Amino acid sequence: QVQLVESGGGLVQAGGSLRLSCVASGQAFSTYHVGWFRQAPGKEREFVAAITWSERTYYQDSLKGRFTISRDNTKNTAYLQMDSLEPADTAVYYCGIQSEHNFRTVRDDNNYDAWGQGTQVTVSS
């Protein structure tokens with residue numbers, strides 16, 4: 001099973017920025033789709049953004065323009081750049097991967113094959 005490790009979370013003031021990283025183990029990272037999801041207390045896991053092996057990107061409509069997803073296959077890493085952060089962005093952020101044999105939508109958290117442990121993002125007002 002692929003191992004994923006998120007980093008880059010922390011406490012920031014509203015209007016600030018963070019860049020999250022997701023590092024994957026293994027040799028097949030370039031064949032995976034990568035997604036970022038978040039979960040706030042009392043809420044279900046919410047789709048944030050995803051990037052395919054061909055670098056096509058998908059965003060939650062309400063977040064598009066503030067968040068940017070990217071990847072560096074030479075480092076087995078995906079990134080989530082978060083700008084103009086708001087208190088409502090406070091959540092645990094998770095990255096997941098979808099293998100080359102999983103052809104389901106990247107917008108559904110049920111369609112991912114492995115998850116990281118999450119990194120906490122807290123935005124103060």
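All figures in this text were calculated on a predicted structure; none of them were measured in a lab. One-based numbering along the sequence shown.
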How close do [X] and [Y] get, counting heavy atoms only, and between which atoms?
| X | Y | answer |
| --- | --- | --- |
| Gln39 | Ala91 | O-CB, 3.5 Å |
| Arg56 | Tyr58 | CD-OH, 2.9 Å |
| Pro87 | Ala14 | CD-CB, 4.2 Å |
| Gly9 | Thr119 | N-OG1, 3.2 Å |
| Arg71 | His33 | NH1-CA, 4.4 Å |
| Gln120 | Thr90 | NE2-CG2, 4.0 Å |

Original post:
Mind checking what makes ring pair (Phe, Tyr, Trp, His ring centres under 6.0 Å) contact with Tyr79, not counting sequence neighbours?
Top reply: none
Original post:
What residues, two or more places apart in sequence or in another chain, satisfy side chain to side chain donor-acceptor pair (under 3.5 Å) together with Asn110?
Top reply: Asp108
Spatial distance of atom [atom1] ([X]) from atom [atom2] ([Y]) [nearest 0.5 Å]:
| X | Y | atom1 | atom2 | value |
| --- | --- | --- | --- | --- |
| Gln81 | Arg19 | CD | CZ | 7.0 Å |
| Thr77 | Glu6 | OG1 | CD | 12.0 Å |
| Asp83 | Arg66 | CG | CZ | 9.0 Å |
| Ser125 | Glu86 | OG | CD | 12.0 Å |

**OP:** Any chance you could pull the hydrophobic cluster mates of Trp53, using side-chain heavy atoms under 4.5 angstrom and chaining through other members?
**Re:** none
Original post:
Given a cutoff of under 4.5 Å between side-chain heavy atoms of I, L, V, M, F, W and Y, with clusters grown through shared members, what are the other residues clustered with Ile69?
Top reply: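 Under the 4.5 Å side-chain rule, Ile69 groups with Val2, Leu4, Val12, Leu18, Leu20, Phe29, Tyr32, Val34, Trp36, Val48, Ile51, Tyr59, Leu63, Phe67, Leu80, Met82, Leu85, Tyr93, Ile97, Val121, Val123.
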Original post:
Would a line drawn from the ring center of Tyr112 to the ring center of Phe37 be shorter than 6.0 Å?
Top reply: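 Between Phe37 and Tyr112, which both carry aromatic rings, the centre distance is below 6.0 Å.
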Subject >> Any donor-acceptor N/O pair, Asp109 side chain to Arg45 backbone, under 3.5 Å >> reply: no
**OP:** Mark yes or no for whether Gln1, through its side chain, and Asp113, through its backbone, hold a donor-acceptor pair below 3.5 Å.
**Re:** yes
Original post:
CD of Gln117: more than 12 outside heavy atoms within 6.0 angstrom?
Top reply: no
Original post:
According to the disulfide (SG to SG under 2.5 Å) rule, which pairs have a member within residues 57-96, sequence neighbours left out?
Top reply: Cys22-Cys95
**OP:** Measure the shortest side-chain to side-chain distance between Asn76 and Gln27 over non-hydrogen atoms and say whether it is less than 4.5 angstrom.
**Re:**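 No - every pair of side-chain heavy atoms lies 4.5 Å or more apart.
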**OP:** With sequence neighbours left out, write down each residue that passes side-chain contact (heavy atoms from CB on, under 4.5 Å) with Ser30, or none if nothing qualifies.
**Re:** Asn73
